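Below is one structure, written out as structure tokens, with a few remarks after it.
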Amino acid sequence: MPNYSFRCRSCGDTFEVNRPMAQSSDPAACPRGHDDTVKLLTTFATVGRGGGGAPQAPTPPPSGGGCCGGGCCG
């Protein structure tokens, strides 16, 4: 079940709520009893099987010169 982060506008407390995605937009009460809360935008990252190394530079396009990709343009 996903976690959603909220911040209380009254006391400034930040808290998380576990709920189904269908209820993601429902309001949440602050643990201290305040009702004026706002849902925070949360982000996440994924890591591929290759490990957590530095990102690799994109492969450069093939070069071969000329307008024909390496062939001879007469």
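All values reported here derive from a predicted model rather than from experimental measurement. Excluded from the calculations below are hydrogen atoms, water molecules and symmetry mates; all remaining heavy atoms, backbone and side chain alike, are included.
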Output every pair passing salt bridge (Lys or Arg N to Asp or Glu O under 4.0 Å) with a member in residues 10-29, not counting sequence neighbours, ordered by first then second residue.
->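 Not a single pair qualifies under salt bridge (Lys or Arg N to Asp or Glu O under 4.0 Å).
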Residues that, via side-chain heavy atoms closer than 4.5 angstrom, fall in one hydrophobic cluster with Phe6 |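 Answer for Phe6: Tyr4, Phe15, Val17, Met21.
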Output a table of donor-acceptor pairs, distance under 3.5 Å, between side-chain atoms of residues 28-39 and any protein atom two or more places apart or on a different chain; print 'none' if there are none.
unit_1: Thr37; atom_1: OG1; unit_2: Ala28; atom_2: O; d: 2.5
unit_1: Lys39; atom_1: NZ; unit_2: Ser24; atom_2: O; d: 3.3

